[in-house]
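Note that ligands are numbered from 1 as they come in the structure, with each ligand's atoms numbered from 1 the same way.
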Amino acid sequence: MKATLITMILLILAFTVASQGPLQVGFYKGKCGSIDIESIIGGIVHSRFVKDPTVVAALLRMQFHDCFVNGCDASLLLDGESSEKTAPPNLSVRGYDIIDEVKTVLEKACPRIVSCADIIIAATRDAIAFAGGSRYKVQMGRRDGKVSLASNVDLPNPTIPVDQSITAFQKKGLSVTDMVLLLGGHTVGIAHCSLFSDRLYNFNGTGSPDPAMDSGLVSALKLRCPQKSKVDNTVNLDQNSQSSNTVDNSFYKQILMNRGILKIDQSIALDNKTRDIVSSIANAFNFTSQFSNAMIKMGAIQVLTGANGEIRKSCKAVNTS
Ligand code: HEM
Ligand SMILES: *[C@@H]1O[C@H](CO)[C@@H](O)[C@H](O)[C@H]1NC(C)=O
Ligand SMILES: *[C@@H]1O[C@H](CO)[C@@H](O)[C@H](O)[C@H]1NC(C)=O
Ligand SMILES: *[C@@H]1O[C@H](CO)[C@@H](O)[C@H](O)[C@H]1NC(C)=O
Ligand SMILES: CC(=O)N[C@H]1CO[C@H](CO)[C@@H](O)[C@@H]1O
């Protein structure tokens, strides 16, 4: 009788602790026998990366879009007629197949142990490290969400004013400095011409280019983004051609030379609330460790842990049993 009571109390305690369980470095240690979950994820990301270095951009953007909408709960990955991935800002989010490949391997090794939400975060960390960033210690223990609605998607658009962007990041618990560091994600990857061509041809209804863009860059981009083109070409977000796929601080040096592609990227180098932060990052030797810390913070937004959420069997669908 007494023993049962103690067991029950212990169970309740364990449950309470688990349901409030915070994220942890090494969360999966020992949860899959002797199999090292992190090295399985790293191996798959590495084999993708050597074939296609743009996977770093794909995964970075995926982590941002997952974490900013309903928290880092892999809700972005759910299929469905009106799920998050069908909302316009996701257009061109890529890398879903990498997550699926990792999930398939992990489900074989140890079914229903590793969440899709954690796979996104760990895979992104690995890709960043392969692309020149730091291999930071990644916190895990997230669980997968069951809700994914396109109507929840209110990601910032590329012409958002700095003030509003600051507010959007603050709502997620991120400071102005975090915001400036995270926009450094644009040190890799591409943008479609349609998302900034107003800056080349008709800025704010003036019929002229954005005066905040370097005129040499305007001319070069006009060649790549002709006004009446039927194809929506892409250009590198980091205009330093030596490091367009490298995680480094050259993006900040570019925007200080008026060579930002998106309006928001250029704006943070000009606005007096962010420009000192931009210059200090542009001159820092430790951008990669600062960026890592900001990614860890972003990875902790509104996470489900403990008994909340679930561990999905397939990253594309909520469990049915
Ligand atoms: C105010 C915040 C942000 C805005 C308005 C924004 C906007 C955009 C836009 C418009 C694109 C181009 C998409 C396309 O043409 O296909 C893009 C690409 C990208 N964004 Fe952001 N972004 C923001 C923050 C972030 C953050 C926080 C990260 C990650 C830390 C990030 C990572 C990326 C990456 C890596 C790409 C390139 C994707 C690729 O090459 O496939 N962005 N972003
Ligand atoms: C855009 O134009 C409007 C008036 O047409 C003006 O009030 C506003 O300041 C302009 N914005 C920028 C960023 O130049
Ligand atoms: C930033 O600029 C605005 C006007 O553009 C000014 O009112 C404000 O005082 C400035 N803030 C700082 C911190 O310099
Ligand atoms: C980066 O360097 C700056 C100045 O040297 C320092 O204040 C800051 O703490 C460093 N940040 C990290 C994350 O190492
Ligand atoms: C992967 C995916 O579902 N992408 C969708 C993103 O949003 C655009 C526009 O709404 C859709 O056309 C894409 O299919």
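- Remark: ligand 1 atoms within the under-4.0 Å shell around heavy atoms of Gly185 are 35 (C).
- When non-hydrogen atoms are compared, ligand 1 lies under 4.0 Å from the side chain of Arg94 (C-beta onward) but not from its backbone.
- The local environment of NZ in Lys172 is crowded, with over 12 non-hydrogen atoms from other residues, nucleotides or ligands closer than 6.0 Å.
- Shown in contact with Asn204 at under 4.0 Å from a heavy atom are these atoms of ligand 2, numbered in order with element: 1 (C), 2 (O), 3 (C), 8 (C), 10 (C), 11 (N), 12 (C), 14 (O).
- Here Leu155 has no heavy atoms under 4.0 Å from ligand 1, in either its backbone or its side chain.
- Counting heavy atoms under 4.0 Å from ligand 1, residue Leu195 touches it through the side chain alone.
- Near ligand 4, residues Asn286, Ser289, Gln290, Asn293 each place a heavy atom inside the 4.0 Å sphere around the ligand atoms.
- Nearest approach of Cys193 to Asp232, heavy atoms of both residues: N-OD1, 3.2 Å.
- Contacts with ligand 1 closer than 4.0 Å are made by side-chain heavy atoms of Ser165 only, the backbone lying farther away.
- If you take NZ on Lys253 and CG on Asn240, they are separated by 8.5 Å, rounding to the nearest 0.5 Å.
- Taking the charged nitrogens against the carboxylate oxygens, Arg135 and Asp126 do have a contact shorter than 4.0 Å, which makes a salt bridge.
- The minimum distance between atom 21 (Fe) of ligand 1 and any N, O or S atom of His186 involves atom NE2.
- Listed by number with element, the atoms of ligand 1 under 4.0 angstrom from any heavy atom of Leu237 are 18 (C), 19 (C), 36 (C), 37 (C).
- A donor-acceptor pair is defined here as one N or O able to donate and one able to accept, closer than 3.5 Å; such a pair exists between the side chain of Asn249 and the backbone of Ala284.
- At a 4.0 Å heavy-atom cut-off, ligand 1 does not touch Thr234 at all.
- Using modelled atom types and a 3.5 Å distance limit, the side chains of Ser279 and Asp276 yield no donor-acceptor pair.
- Near Pro158, meaning under 4.0 Å from one of its heavy atoms, ligand 1 places the atoms 5 (C), 10 (C).
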